[in-house]
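Quick note on labels: first sequence line is chain A, next is B, and so on, each numbered from 1. If you're wondering where the values come from, they're calculated on a predicted model, not measured in any experiment.
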Amino acid sequence: MTFDNWLPLSILLTSLIPGALIFMIPEERRGLRTSLNMGAAVLKLALVALMVWGVRHEHVYETRLPLAAGLQLVLAADALSVLLAALSSVLWFVTTLYAIAYLEHSPQSRSRFFGFFSLCVSSTLGIALAGNLITFLLFYEMLTLTTYPLVVHRGTPASMRAGKIYLAYTIGGGALFLLAVAWLTALTGPLDFTGGGVLRRFADPHAGELRVIFFLLIAGLGVKAALVPLHGWLPQAMVAPAPVSALLHAVAVVKAGAFGIVRVVYDVYGIQFAAELGVLRPLAVLAAVTIVYGSVRALFQDDLKKRLAYSTVSQVSYIALGAGILGPLATLGGMVHLVHQGLMKITLFFCAGNVAEGAGIHRISRMAGIGRRFPVTMAAFSLAAFGMIGVPPMAGFISKWFLAAGALAAGEGWVIGVLAASSALNAAYFLPILHTVWFKPPEGPPPAAGPTPRGRLEIGWMLLAPPAVTALLALTSGLLADAYLSPLWWTRLIVDREYLP
Amino acid sequence: MTGIETIAADVWIAAAVASPLAAACAMLVLRRWAAALGVLGSLVILGAVAGLAHQLLLLGPQQLVVGGWDPPLGIRLRADGPAVGMAGITGLIGLFVGIYATAYLRPLAASPPHGERLFWPLWMFLWAGLNALYLADDLFNLYVTLEVVGLASVGLAALARTAAAVAAALRYLLVSLLGSLAYLMGVALVYAATGTLELRGVAAAPVGYAALALMSAGLLMKTALFPLHGWLPPAHANAPAPVSALLSALVVKASFYVMLRLWFELFAPLIGPATAHLPGVLAAAAILWGSLQALAARRLKQLIAYSTVAQVGYLFLVFPLGLAGGSLRPAWGAVLFFILAHALAKAAVFLAAGNVLKAFGHDRIADLGGAVQQLPVSMFAFAVAGVSLVGLPPSGGFIAKWLLLAAALEAGRWGYAGVLVGGGLLATAYIFRFFSHAFRFVPESVLCCGLPRRMEGCALLLALGSMALGLAADPILALLQIGLPETGAAGAGGAP
Amino acid sequence: MNGLDDTPAGDVMNASSPLLRRLAALAALAIGAGLAAAVGSLPEPPAALPRQVAAFLPASGVRNPVTAVLLNFRSLDTLLELAVLVLAATAARALSAPRSVAAALPPPDPVLAAFFRLFAPMALLVAGYLLWVGAHAPGGAFQAGSVLAATGVMAALTTRFAAFGASRWLPPALALGPAVFLAVGVAVAGGGRSFLQYPAASAGGLILLIESAAALCIAAALAALFLECLQGPLRGPAADPPGGPR
Amino acid sequence: MSALLYAVVGAVLFALGLYGVVAASPLLRKVLAFNIAGSGVFLFLVAMADRVRVPFPDPVPQAMVLTGIVVAVSATALALLLICLLRELSDRPREAADDGH
């Protein structure tokens, strides 16, 4: 086991072992818990950075462990897996900082929260680094198990109900996914992810079965990627604390589903073979329907987090849409949106959390004029909102641009219509918020000291820094899109390796 | 490693059967030291089984000809993969349940002071019966070991001495005796037809079918497969926690193990696809019925007992998958691994339920709010074991379910694949139904009494064991299939 | 034990509904007919095993073939069977409350007492003979044990050994049988002989040793089983109204 | 020939005993029916032993019957004890026993 074999496993362990340790830390030892958390996050960032540098220089990192009769647990670092690994480790660092401050005086056990929090991120990294379908399935189900306690963390009847719905959807999806993977393995034997897909040679006798397996896989993954009929759990899971909503919607759960769809389309079936099977078009149509449906439902939500949830339902399907269109440009747009949506959405949720924590405001109608009270938070919120609409120079614009270009190149004209409609709808549900926040006079009792007094921050710095950082990241990855090692640059590297093997 | 092999293999087999008996006798004499002898005895027995496993890995299947008379005259004890695997899991669970029982049984107010000390000899007799049963290679010897296991289990089940426990134990006794008699009649028929009691004698057609029917019916009663499962839930729910763990994890599987031996060795030529599907259909019904009853259970131990009824259904899926697939390629590896994973998980879950019962004073699920808060270690053990019961990765249960699913898909049995996946969903429903109550946040503490650390520790270690089984599946699968007539490819995953 | 017959099976077996009785009748009929048919078509008995027993009988140390099979050829079965009896007695002790036997037993009946004084020595003689004759004719440990047990019960009934039931030395007596059997089995093993393989010369003696220990153990077990039932399991000092069993 | 007759009678007794255990409602009758079924099986075994005339009838089924009898005795004793215990407990005021112990 050389260092190259150790790296993927050690990245996984940097959150698995601290997670196990944090469970045992007594509740009052806040300092120890925080230092363990932050130390693990920093160590992970360093290792991932090392891997990014390695993969940039064609270095192969792979861990192979025998799992069961004939099956292997494979953790491989190819360009695509590093994309999600980098995204989740950066955002986890920021979310940990935010969660420590946010749960400062919550009665529930924080050791339990941060234990499951770390386990959840290790399963996300496991999904990112998975080298074959069985490993992906293993971490995919582990993600469900580690996020359930986070969703029901508050223990209130509402969170219990949300947890039950969440579980029903995700375990159901997991069962479909298990059946599909078992069926595929029975047909073809254990197969690893390889660029350009591996199933072409099984096409002649099993074409029909492969189509059914594809739809089972997409159904299993679609639950977490919140494709239309299977998205019900996402708005319900909003009762969870803000860091959990941020983690669930920007980094872990939703991305796992979208990432899975990308893996299945590109590295199991191969985009060409999938197109020949005729399964790409239904996927693209389903994604388009989800985009429009999500945006429409978001229009009518007065609760801020609910509206953001429906916005996520719509935005994640851009990735599925990118995967559903044949051609390098669309692939580029879909994959880069994986990162951009993560950065923008997590900013929005941090701001929603600040407003709820700082002023106890949950409904958009009561957010009139809070721009004065929360200037920095609302500035970050506005930046992210513009990004979601797709206004240049924000990151959102980049992804939509390449998606549109890819659609044109592939001759799928109707996708332009969908993108335009969705951008309009985004504007329709984000701009009123900005208008209420900045231009309406603050209603109700005037805040004690008008604009925030000099020197004193609107809210603790640990709650303020994360949204600011992620907003800036979203801005820079839009502005400096072509810079070295930027998300777009890296995605272009993936696409080159994918399409020109 | 010179020392161990020089000791002849049959010493280890003799030790595996004789040491629990010796421990039982010692406990009857030195009654005050029963608990200490219990734990010490567990270590000795586990050592013997470990030595046997070592021999098995080195030199292949071992045997001990008792009394020096070669079969068919004398009795031979055979130690092959399945036998050593079952003896090993019995040892592991026996050790942890023993340590747990030293703390759980002390203040058992209901029974007289000397009553709970007699738990130990009864448990040692049960252990001797189990080890003798796994190693037996003779039909009548299997009958006597089934009786030892059956009567000891009834004695242990009634140990709580409440009206509910005694009624359940009595019903268990009557059903178990009915099963034994049917089995004995079958043995008589086989002896009348073939003239030997060996497990390899092939029974002639007409008498063979009668013997197969009788013996299988008897064993189905003792394994509590649906519709003959009525006795199991009350017996397992009302017994003391360590006893419930032993009954659900080990005793139910002992009679299934005998059925495996009979169907795949003695009666193999008589069993066509039609007969193999009967247990399959009953298994599907058991999974459905057990899970629905578990969903409706009011008490935690009832929920777990009905979960056993459902999980027993999974065991019987091996018959349609192995035999109906045309050639005799039984999915030995899959079903034995399932037994190991389920035994560890079920024992952990029952011990955790015992902790809840001790700490809360009751186990009514609806009133267990705040359990996760106040009993974090036990609830974590319950969760980890629950994951293995349900068959979600990365647990041992998942690997077992995967192997069964691969066998089903390879044999093109769609119905059973659906049953496997559906059963997993139902299991998730009733396991997380409990958690939806346990995760509720309750400001003030509701516990009535504290728990010694080792009670929670044992539950956690067993749960982590079932998880570790999932990660180290390959070597264990290899060990389980040593000495089998034809190790089915089904046991080796989906490789075509 | 009066009044036992009407113990409701209600909470034990909720069976015996008319439908189930008919179902059981049908099943019994089917089993009876099936077995009768099977018996009819039994092939000619291959008498391989009995001939082997006959061949090895001289080496078994006893002349009675059944005792040879029970205590030499298939000795493991007998060891486990002894364990069944002992564990049943242990379970009986575990389930009953410790209390003085006297409270539960009927007042001594002079006729019974007189008869017992005559009966006891003769019974012990018969038990000894049965134990001895087992080597070459029907008899052996179990028959001797049951006669001894009957004597024990008679003794308890005439309250001669009042504290028999709860006495301290019952469990060790129970342990005697399997312990001796195991001890002999392990002692003879080694030096090329496997577990429970008696050396040809001393086989008879060893079998007799095992049988006598087993006889005592069986007597203790059967007597304990009877007396635990008689006294009624829960007759704790507090809960039990004075006087004999209801 | 008479051996087969005894075997059939044994089989019939076994079937009757099974019916009795399931259908009889008072518990004591269930235990009695169990013993009838047991003796049916033992009769069948002895009948099988009688079919062979090596200098003596086949001793192996006879040994099986002896062992079976001892097992039946211990099982019956345990069953009777549980019935006594049950009668004892059901006479007592049923405390909230179903909450576990």
Side-chain angles (χ1 to χ4, degrees), chain C residues 1 3-9 11-13 15-16 20-21 23-25 27-29 31-33 35-36 38-40 42 45 47 49-51 53-54 65-66 68-70 74 77-78 81-82 84-85 87-89 91-92 95-96 140 142 218 221-222 225-226 228-229 232-235 239, chain D residues 3-4 7-8 10-30 40 44 47-49 51-71 73-78 80-92:
Chain C
M1 290 297 281
L4 193 57
D5 187 36
D6 58 3
T7 316
D11 49 6
V12 174
M13 299 268 262
S16 74
L20 199 98
R21 295 164 73 93
L23 214 63
L29 213 61
I31 292 173
L35 281 176
V39 164
L42 271 180
L49 209 49
R51 275 195 206 89
V53 172
V66 175
V69 168
L70 266 179
R74 297 181 67 87
D77 282 349
T78 313
E81 168 204 337
L82 213 53
V84 165
L85 195 58
L87 82 85
L95 298 176
S96 62
F142 297 98
I218 290 158
L222 291 177
L225 281 171
F226 176 81
E228 302 298 350
C229 277
L234 261 183
R235 290 278 166 63
Chain D
L4 284 188
V8 169
V12 166
L13 271 178
F14 173 69
L16 276 175
L18 288 190
Y19 170 73
V21 170
V22 175
S25 81
L27 286 170
L28 191 60
R29 262 182 222 150
K30 285 185 189 289
F44 180 87
M48 290 306 113
R51 289 190 307 159
V52 165
R53 265 294 173 271
V54 172
F56 38 75
D58 184 351
V60 173
Q62 293 177 48
M64 287 157 73
V65 166
L66 257 176
T67 308
I69 289 172
V70 170
V71 165
V73 159
S74 3
T76 310
L78 197 56
L80 292 178
L81 185 92
L82 287 174
I83 294 174
C84 297
L85 190 54
L86 186 62
R87 220 162 71 70
E88 194 72 30
L89 287 170
S90 50
D91 289 352
R92 278 186 172 204

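Neither the backbone nor the side chain of C:Ala27 comes within contact range of chain D; no heavy atom of the residue lies under 4.5 Å from a heavy atom of that chain. With a threshold of 4.5 angstrom between heavy atoms, D:Met64 does not approach chain C through any atom at all. Contact of C:Leu49 with chain D is made through the side chain alone, with heavy-atom distances under 4.5 Å. Interface residue C:Leu222: only side-chain heavy atoms are found under 4.5 Å from chain D.
Taking 4.5 Å as the limit, some side-chain heavy atom of D:Phe44 sits within range of a side-chain heavy atom of C:Val39. Looking at heavy atoms from C-beta onward, C:Val84 lies out of side-chain contact with D:Val70 at the 4.5 angstrom threshold.
Ranked by non-hydrogen atom pairs under 4.5 Å with chain D, the options C:Ile218, C:Asp77, C:Val66, C:Ile31 are led by C:Val66. Contact count against chain D (heavy-atom pairs under 4.5 Å) is highest for C:Ala54 among C:Gly40, C:Ala36, C:Ala54. Taking C:Pro65, C:Ala92, C:Gly32 one by one and counting their heavy-atom pairs under 4.5 Å with chain D, the maximum is reached by C:Pro65. Ranked by heavy-atom pairs under 4.5 Å with chain C, the list D:Val8, D:Val60, D:Leu18 is led by D:Val60.
Every residue meeting the side-chain contact (heavy atoms from CB on, under 4.5 Å) condition with D:Val52, not counting sequence neighbours, appears here in chain and number order: C:Pro45, C:Ala47, C:Pro50, D:Val54, D:Asp58. Listed by chain and number, the residues in a side chain to side chain donor-acceptor pair (under 3.5 Å) with D:Thr67 are C:Glu81 (sequence neighbours excluded).
D:Leu66 contributes atom CG, which lies 5.5 Å from atom CG of C:Leu70 (distance to the nearest 0.5 angstrom). Atom-to-atom distance recorded for C:Leu95:CG and D:Leu82:CG is 6.0 Å, nearest 0.5 angstrom. To the nearest 0.5 Å, atoms CG (C:Leu87) and CG (D:Leu78) are separated by 8.0 Å.
The two residues C:Leu35 and D:Ala11 make their nearest non-hydrogen contact at CB-CB, 3.6 Å. The shortest non-hydrogen separation linking D:Tyr19 to C:Ala28 is CB-CB, 3.7 Å. Considering every non-hydrogen atom in both D:Ser74 and C:Leu225, the closest pair reads CA-CD1, 4.5 Å.
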